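Please read the structure below before turning to the comments.
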Amino acid sequence: MGIGSSLGKGIAPRLAKAAPELSSRFVHESLRRAIEGVGPLPPASVNADRLLREAHGDVERAIHEVIEDHVRYAGMQGFATNLGGLVTAAVTIPANITGLALIQCRLVASIAHLRGYDLGDQRVRNAVLACILGEDSIKVLVRKKKVPSTPMGIATAPTYDPHLDSVIAAEVTSELITKIAGKRVATTVGRRVPIVGGVFGAGADAYFTWQIGRYADRELLPRNLR
C-alpha cells in the first residue's frame, strides 16, 4: 500500500466529518443527475444514443468513445480541483469527489444503456454504483457477504433488495474519499509546486475513470432488451 492510500485511509474519516455533504446521499444524487442530466451535460442515455449514431450502430465502438470522453472529463476536473496544496484541500477535495462521482456514474450508466439495461430499474442503478467500486473491491465485498454478487448479478437479480441502496452507496462514498484524499496527500507531501498537483490529479482521476470504464465494459454483458 503506497503513502497516498495509507494516508488517505487515515484522513478520510476526518474529511467526511468536515464535509457532511459527502454522505451516501450525495452518491445517489450524483447517479440521478448522471442519468437525468445536469447543466450542460445531457442524460446518460441521450449521450450514449448520440455516440451510437455516430458509430453507425456499432455498440462496442460507441462504448469505446464513451470511455474515452469520460476519461478526458475526469482528467480536466482532476486538474482543476488539484491545484494548490493542503491549504486548499478542505475546499477542493469535496469538489473533486463530487465531480468525479458524477463523471463516473455517467460513464457507467452510458455503458449500461448501450448494453440494453433499463436505467430506471433500481437494480441497474445499484449495479452502476457497484461498478464504480472496481473489481477488486467488489470481490472483497462479495467474499465478506456485504453484497450478494457482481454488478452483472445485481443488475439481473430476480428481485430488488432495497438494503443494497445504502450499503453500496456507503461503500462508494468511502472509496471515493479514500482515493481522492490519498491522492491529494501524496501529491502535497511529495512536491509542493501547485501545478504539479494539478497534473498529478488529472492523471490519477483519468486513470481511475479508465479502470472503471473497462470494468463496466467487461462486467455488464449485453441484455438485448431494446
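These figures come from a predicted structure and were not determined experimentally. Count residues from 1 along the sequence.
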Under a 4.0 Å N-O cut-off, is there an ion pair linking [X] with [Y]?
{"X": "R218", "Y": "E135", "answer": "yes"}
{"X": "D217", "Y": "R214", "answer": "yes"}
{"X": "E54", "Y": "R50", "answer": "yes"}
{"X": "E29", "Y": "R33", "answer": "yes"}

Which atom of [X] lies closest to which atom of [Y], heavy atoms considered:
{"X": "P148", "Y": "L164", "result": "CD-CD2, 3.6 Å"}
{"X": "A127", "Y": "P151", "result": "CB-O, 3.3 Å"}
{"X": "V108", "Y": "A216", "result": "CG1-CB, 4.0 Å"}
{"X": "R115", "Y": "L220", "result": "NH1-O, 2.7 Å"}
{"X": "Y215", "Y": "A130", "result": "CE2-O, 4.4 Å"}
{"X": "I111", "Y": "I67", "result": "CD1-CG1, 4.1 Å"}

message: Applying side chain to side chain contact (heavy atoms under 4.5 Å, CB included) to E175 and S137, what does each step give before you reach the verdict?
response: CA-CA 9 Å; E175 183 82 3; S137 294; 3.6 Å; yes

Indicate if [X] and [Y] have the same hydrophobic cluster label, given that clusters are the connected sets of ILVMFWY residues with side-chain heavy-atom separations under 4.5 angstrom.
{"X": "V46", "Y": "I63", "answer": "no"}
{"X": "I103", "Y": "V38", "answer": "no"}
{"X": "V167", "Y": "M152", "answer": "yes"}
{"X": "I154", "Y": "V142", "answer": "yes"}

field: S166 side-chain N/O to H163 backbone N/O, donor-acceptor pair under 3.5 Å
entry: yes

query: Step by step, would you call R123 with D118 a salt bridge (charged side-chain N to carboxylate O under 4.0 Å, His left out)?
result: CA-CA 9 Å; R123 294 170 300 176; D118 177 9; over 6 Å; no

- prompt: Who are the side chain to side chain contact (heavy atoms under 4.5 Å, CB included) partners of R106, not counting sequence neighbours?
  reply: A34, L41, P42, A44, N47, H70, Y73, S110

message: Quick one, T150 with K139, criterion side chain to side chain contact (heavy atoms under 4.5 Å, CB included). Give me CA distance, side-chain angles, the key distance, then yes/no.
response: CA-CA 8 Å; T150 63; K139 285 180 179 178; over 6 Å; no

query: Any side-chain heavy atom of Y117 within less than 4.5 Å of one from R125?
result: no

To the nearest 0.5 Å, how far apart are [atom1] in [X] and [atom2] in [Y]?
{"X": "L51", "Y": "L114", "atom1": "CG", "atom2": "CG", "result": "7.5 Å"}
{"X": "D121", "Y": "L119", "atom1": "CG", "atom2": "CG", "result": "9.5 Å"}
{"X": "L102", "Y": "F26", "atom1": "CG", "atom2": "CZ", "result": "10.0 Å"}
{"X": "I168", "Y": "L141", "atom1": "CD1", "atom2": "CG", "result": "8.5 Å"}
{"X": "L176", "Y": "L133", "atom1": "CG", "atom2": "CG", "result": "8.5 Å"}
{"X": "T209", "Y": "D69", "atom1": "OG1", "atom2": "CG", "result": "12.5 Å"}

task: Could you point out which residue of I138, V27, I212 forms a side-chain contact (heavy atoms from CB on, under 4.5 Å) with I132?
output: I212

message: Under the criterion side chain to side chain contact (heavy atoms under 4.5 Å, CB included), I'd like the reasoning laid out for H28 against L129: C-alpha separation, chi angles, the key distance, then a yes or no.
response: CA-CA 9 Å; H28 286 298; L129 294 179; 4.1 Å; yes

- request: With side chain to side chain contact (heavy atoms under 4.5 Å, CB included) as the test, would you mind laying out the steps for V71 and Y207 before giving the verdict?
  value: CA-CA 7 Å; V71 166; Y207 180 65; over 6 Å; no

